[in-house]
J.: 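Next up is a structure, given as structure tokens.
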Amino acid sequence: MQLAQRLQQAQSTAWIDERRAMRRHLGLPVMMSSTHTRPSLAYMVDVSSVGCRIEGQVSFAIGSFAAIEVKGFTKFEGWVVWQRPGELGVEFAHPLPEPVVTHLEAFVH
């Protein structure tokens with residue numbers, strides 16, 4: 001689904017959560033930034049191959065391009081597809097292979 005369609009769907013009051021991939025709970029500290037913000041500490045609280053949920057004192061507009069760095073591992077990039085006070089959702093620019101998702105889960109345990 002195109003980003004514009006997902007954004008429109010997320011803003012609709014009739015939007016229903018239709019997960020495209022299984023989410024795994026993490027609580028992994030990350031640094032989140034964009035071209036318009038300084039890096040800030042946040043937590044990747046869950047992840048799937050197509051995106052993640054971030055919690056923390058981060059504020060990004062829906063549609064913003066964001067970078068999420070996992071110290072000692074790698075950096076993921078994607079677009080903010082929803083946000084609420086203290087949390088937001090990111091759809092990855094490139095879906096993660098399942099072994100990477102599994103490694104992230106093992107990274108915190």
Side-chain angles (χ1 to χ4, degrees):
M1 185 180 298
Q2 297 295 332
L3 178 60
Q5 290 173 319
R6 289 184 52 81
L7 293 173
Q8 183 179 20
Q9 198 176 41
Q11 293 171 352
S12 166
T13 57
W15 182 68
I16 298 171
D17 186 5
E18 296 177 1
R19 301 267 187 218
R20 293 183 289 157
M22 184 181 84
R23 295 243 166 200
R24 300 188 190 187
H25 298 284
L26 296 180
L28 181 65
V30 297
M31 293 301 288
M32 189 162 176
S33 63
S34 76
T35 55
H36 304 293
T37 64
R38 295 177 51 190
S40 44
L41 178 63
Y43 292 89
M44 184 183 292
V45 294
D46 62 39
V47 66
S48 74
S49 60
V50 294
C52 66
R53 180 167 55 105
I54 301 290
E55 287 184 353
Q57 299 298 325
V58 292
S59 180
F60 289 77
I62 293 174
S64 297
F65 192 73
I68 304 163
E69 184 177 354
V70 178
K71 187 175 181 177
F73 185 52
T74 193
K75 185 187 285 188
F76 305 103
E77 297 176 327
W79 290 269
V80 176
V81 292
W82 62 265
Q83 62 99 4
R84 294 188 289 254
E87 65 180 345
L88 53 81
V90 174
E91 181 176 342
F92 295 134
H94 304 285
L96 304 180
E98 193 58 35
V100 172
V101 176
T102 301
H103 183 77
L104 281 170
E105 187 176 37
F107 209 66
V108 295
H109 294 105

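These numbers were taken from a predicted model, which means no experiment stands behind them.
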J.: Strictly distance-based, threshold 3.5 Å: is any side-chain N or O of S64 a donor or acceptor partner for the main-chain N or O of F60?
T.: no
J.: Which heavy atom of S48 sits nearest to which heavy atom of L96, and what is that distance?
T.: O-CD1, 4.1 Å
J.: By the definition ring-ring contact (aromatic ring centres under 6.0 Å, His included), identify the one residue from F65, W79, F76 that meets it with F92.
T.: F76
J.: Return the set of residues passing salt bridge (Lys or Arg N to Asp or Glu O under 4.0 Å) with E69 (not counting sequence neighbours), or none when no residue passes.
T.: none
J.: Might you point out which heavy atoms bring S40 and V58 nearest each other, and give the distance in Å?
T.: OG-CG1, 3.5 Å
J.: What heavy-atom pair brings M32 and V90 nearest, and what distance separates the two atoms?
T.: CE-CG2, 3.9 Å
J.: Quick one, E87 and R53 - any side-chain contact, counting heavy atoms below 4.5 Å?
T.: yes
J.: Rounded to the nearest 0.5 Å, how far apart are CD of E55 and CG of L88?
T.: 9.5 Å
J.: Which atom names give the shortest non-hydrogen contact between P29 and L41, and what distance separates them?
T.: CB-CD1, 4.2 Å
J.: Does the side chain of L104 come within less than 4.5 Å of L28's, by heavy atoms?
T.: yes
J.: Q83 versus I62: any side-chain heavy-atom pair under 4.5 Å?
T.: yes
J.: In the single-linkage hydrophobic clustering (I, L, V, M, F, W, Y; side-chain heavy atoms under 4.5 Å), do F73 and L26 co-cluster?
T.: yes
J.: Ring pair (Phe, Tyr, Trp, His ring centres under 6.0 Å) with Y43: which residues, sequence neighbours excluded?
T.: none
J.: Which heavy atom of P39 sits nearest to which heavy atom of S33, and what is that distance?
T.: CA-CB, 3.7 Å
J.: Could you state the interatomic distance from CD (E91) to SG (C52), rounded to the nearest 0.5 Å?
T.: 11.0 Å
J.: If you compare all heavy atoms of A42 against all heavy atoms of I54, which two are closest, and at what distance to 0.1 Å?
T.: CB-CG2, 3.5 Å
J.: Calculate, to the nearest 0.5 Å, the distance between atoms NZ and CD1 belonging to K75 and I68 respectively.
T.: 11.0 Å
J.: Same cluster for V70 and V100 if Ile/Leu/Val/Met/Phe/Trp/Tyr side chains link at under 4.5 Å?
T.: yes
